[in-house]
Amino acid sequence: MAFDPVTLRPGNIEFLARRARGEGLLIGGEWRKAEGAADFATLDPATGKEIGQIAAASPVDVDAAVEAARIALGRWKATVPVERARILWKVADLIEANIDDLAELETLDQGKPLFVGRWAEIPGAVNQFRFFAGQAMAIEGNSLESSINYQPAGRQMRTWTVREPVGVVAAIVPWNSPLVLTAMKLAPALAAGCTVVLKPAEDTSLTALRLAELMVEAGVPAGVLNVVTGLGGQTGATLAAHPHVDKIAFTGSTATGRAVLDAAKTNFKRVTLELGGKSPSIVFPDADMGITVPGVANAIFFNGGQVCIAGSRLYVHRSVHDQVVEGVAAYAKGLKIGHGLLPDTQMGPVVSARHAERVEGFLQRAKAEGATMLTGGERMGDAGTFITPTVVVDVKPDMEIVREEVFGPVLVVQSFEDEEEVIAAANASEYGLAASVWTESLSTAHRMSADIRAGTVWINCHAMYDASLAIGGVKQSGWGRDSGRQAMDNYLEWKTICACV
Ligand code: NAD
């Protein structure tokens, strides 16, 4: 499982050399070192070896980044939409041109199998920039027939609304799918005419920094995008509380979402929150097992379960329970686990030693509560943070492993008798991010998609997303939507104009 970094693609060796020279933060169009604060190492989770040092932005750096974004705001929001669109499209072209470098860097930093970044997530990031390039040119207000009737004689009241950028955006993103989740913030914010200070996750800052380089190359003007890397409780918290930030676009855990919300109240920042999930996959007896068994297994084991919309709770109708569970367990046992850069790897490590310990803690407590690991549940290998794909049975609805987001390759299985029972079970969660329903009955599919409380319901598939489709949650899975036309609303205010003419 050893991996030799000298085999990296030349573009990434040069990129890491630029970081090593101190090009750590992007502020006002300049790459610079952090002021005062110590740098920290970013590790390859598959080997535990250091890849490079990441700058820890201090409050002075955060101040400078926010002020640069504020200075750039006036010109950027006045840029004609077609020019913003042209630049965003160019960003997409540059991501595509550098996709092999970016995929390698993402795997090295996050651990995911190369094919996940190369064929799913990074093309998804390209599509975000292309979709929102179009949206930059489709911003519209309304003209309204008001009933105001006390204008001076001879004059008429004309009323209309316009959309305006919300201002300086703090974009704070997690580590599980770093590049595409960053694109989901940057593309609509810039399309709307906002300027941004981006805070990548401390465990996976590398592709955000490479993306920022590409965005500068694409012509994003100085100060329109600023990047401050650093620890969440320090750099992230300083940014979230900054009085000159107008809006926080956050993706991360529900717990951090609460801290961000608290920080936002100082100046009533606008806030959107894409938070955690514990999404159900629900299998009916008439499901097509040929697609259902691999479908529900992939729903949890893709990217090692480190996916907000992972199908981490499996509900199977009693009549097909054993068939489905045996199939999923066999799928789990058959997954090839290894360094994400090895060509046949299907599942990589979890992102960090800290996260591996967290996942293990969930498994130990589940066992203590009486759950059985049908397969998996172990650390693997001498180096790195590998956890074997785990199928947990003998669980009860009130157990922690059923209720809480593990964010690892851990599936909990329960059975059900009828629709009413499974709807109640699926909805008995603090989260409401997504769900999938597996059935050949159109009527069942319609009833289930209406009754499940979630931001997205998939039928006979899971985790299908696209730049055109709004994604986000209800309940404690968050506020607002990323992607789709709806995401533009995150970054635009309404202004009403009344003219007596
Ligand atoms: P996290 O909440 O620990 O961190 C997310 C980001 O917030 C990181 O950049 C971190 O540095 C920063 N941060 C931490 N503390 C902060 C603070 N006090 N103030 C400001 N910023 C702070 O989340 P994570 O562990 O990186 O990511 C996993 C979580 O993200 C899971 O819960 C997952 O479900 C969620 N997620 C949600 C979506 C979605 O679309 N709903 C998508 C991906 C991930």
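Start at 1 and go down the list; that is how both ligands and their atoms are numbered. Counting begins at 1 with the first residue of the sequence.
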Inset, instruction - Among all protein heavy atoms, pick the one closest to atom 42 (C) of ligand 1 and tell me residue, atom and distance. - result: C308 SG, 3.0 Å
Inset, instruction - From the options T256, T254, I172, select the one whose nearest heavy atom is closest to atom 4 (O) of ligand 1. - result: T256
Inset, instruction - Tell me which one of G236, S177, G252, A237 gets a heavy atom nearest to atom 18 (N) of ligand 1. - result: A237
Inset, instruction - Quick one: look up the protein heavy atom nearest atom 8 (C) of ligand 1 and list residue, atom name and how far away it is. - result: V173 O, 3.3 Å
Inset, instruction - With sequence neighbours excluded, give me every side-chain hydrogen bond (donor to acceptor under 3.5 Å, both in side chains) pair touching residues 182-200. - result: K185-T251, K185-D482, K199-E202
Inset, instruction - Please determine if R130 forms a cation-pi arrangement with F132, meaning its NZ or CZ atom is less than 6.0 Å from the six-membered ring centre and no more than 45° off the ring axis. - result: no
Inset, instruction - Could you walk me through whether Q476 and T254 pass side-chain hydrogen bond (donor to acceptor under 3.5 Å, both in side chains), step by step? - result: CA-CA 7 Å; Q476 294 190 32; T254 297; 5.6 Å; no
Legend entry - Nearest protein heavy atom with distance in Å, relative to atom 28 (C) of ligand 1: F407 CE2, 3.5 Å
Inset, instruction - Quick one: look up the protein heavy atom nearest atom 11 (O) of ligand 1 and list residue, atom name and how far away it is. - result: E202 OE1, 2.5 Å
Legend entry - N/O separation below 3.5 Å, S253 to ligand 1: yes
Legend entry - Interfacing atoms of ligand 1 (cut-off 4.0 Å, heavy-atom, L433): 41 (N)
Legend entry - Shortest protein heavy-atom distance from atom 5 (C) of ligand 1, along with the residue and atom involved: T251 O, 3.7 Å
Inset, instruction - Apply the side chain to side chain contact (heavy atoms under 4.5 Å, CB included) test between L206 and each candidate in L179, D109, L102; give the one that qualifies. - result: D109
Inset, instruction - Classify the contact between D203 and ligand 1 as side chain, backbone, both or neither, using a heavy-atom distance cut-off of under 4.0 Å. - result: neither
Legend entry - Trace of the side-chain hydrogen bond (donor to acceptor under 3.5 Å, both in side chains) decision for E106 with T207: CA-CA 6 Å; E106 194 85 310; T207 50; 2.5 Å; yes
Legend entry - From CG (L411) to CZ (R313), nearest 0.5 Å: 11.5 Å
Inset, instruction - Could you check D398 against R403 for salt bridge (Lys or Arg N to Asp or Glu O under 4.0 Å), going step by step and ending with a plain yes or no? - result: CA-CA 7 Å; D398 58 348; R403 290 182 291 106; over 6 Å; no
Inset, instruction - Hey, can you tell me if F301 and Y331 have their rings parallel, tilted or perpendicular (30° and 60° cut-offs)? - result: parallel
Inset, instruction - Under 4.0 Å from a heavy atom of E405: give me the atoms of ligand 1 that qualify, with their elements. - result: 31 (C), 32 (O), 33 (C), 34 (O)
Inset, instruction - Write out all pairs satisfying salt bridge (charged side-chain N to carboxylate O under 4.0 Å, His left out) with one or both partners inside residues 452-464, taking only residues at least two apart or from two chains. - result: none
Inset, instruction - Run the numbers for me: atoms of ligand 1, each under 4.0 Å from some heavy atom of N176, listed by number. - result: 43 (C), 44 (C)
Inset, instruction - State if P200 counts as touching ligand 1 under the rule of any non-hydrogen atom under 4.0 Å. - result: yes
Inset, instruction - Please identify which atoms of ligand 1 are closer than 4.0 Å to at least one heavy atom of W175. - result: 24 (P), 25 (O), 26 (O), 27 (O)
Inset, instruction - Decide, yes or no, whether a salt bridge links E213 with R210 under the criterion of side-chain N to carboxylate O below 4.0 Å. - result: yes
Inset, instruction - Would you mind checking which non-hydrogen protein atom is closest to atom 27 (O) of ligand 1, with the distance to 0.1 Å? - result: P174 CB, 3.2 Å
Inset, instruction - Considering only NZ, NE, NH1 and NH2 on the basic side and carboxylate oxygens on the acidic side, decide whether D246 and R70 come within less than 4.0 Å. - result: yes
Inset, instruction - Among all protein heavy atoms, pick out the one at the shortest distance from atom 13 (N) of ligand 1; state its residue, atom name and that distance to 0.1 Å. - result: G232 CA, 3.4 Å
Legend entry - Nearest option to atom 41 (N) of ligand 1, as decided by whichever heavy atom of L275, T229, V406 sits closest: L275
Inset, instruction - Any atoms of ligand 1 less than 4.0 Å from a non-hydrogen atom of K199? List them with their elements. - result: 9 (O), 10 (C), 11 (O)
Legend entry - Stepwise side-chain hydrogen bond (donor to acceptor under 3.5 Å, both in side chains) test for S436 and W438: CA-CA 7 Å; S436 61; W438 301 78; 2.8 Å; yes
Legend entry - Nearest-neighbour protein heavy atom for atom 40 (O) of ligand 1, which is reported as residue plus atom name and distance: E274 CB, 3.4 Å
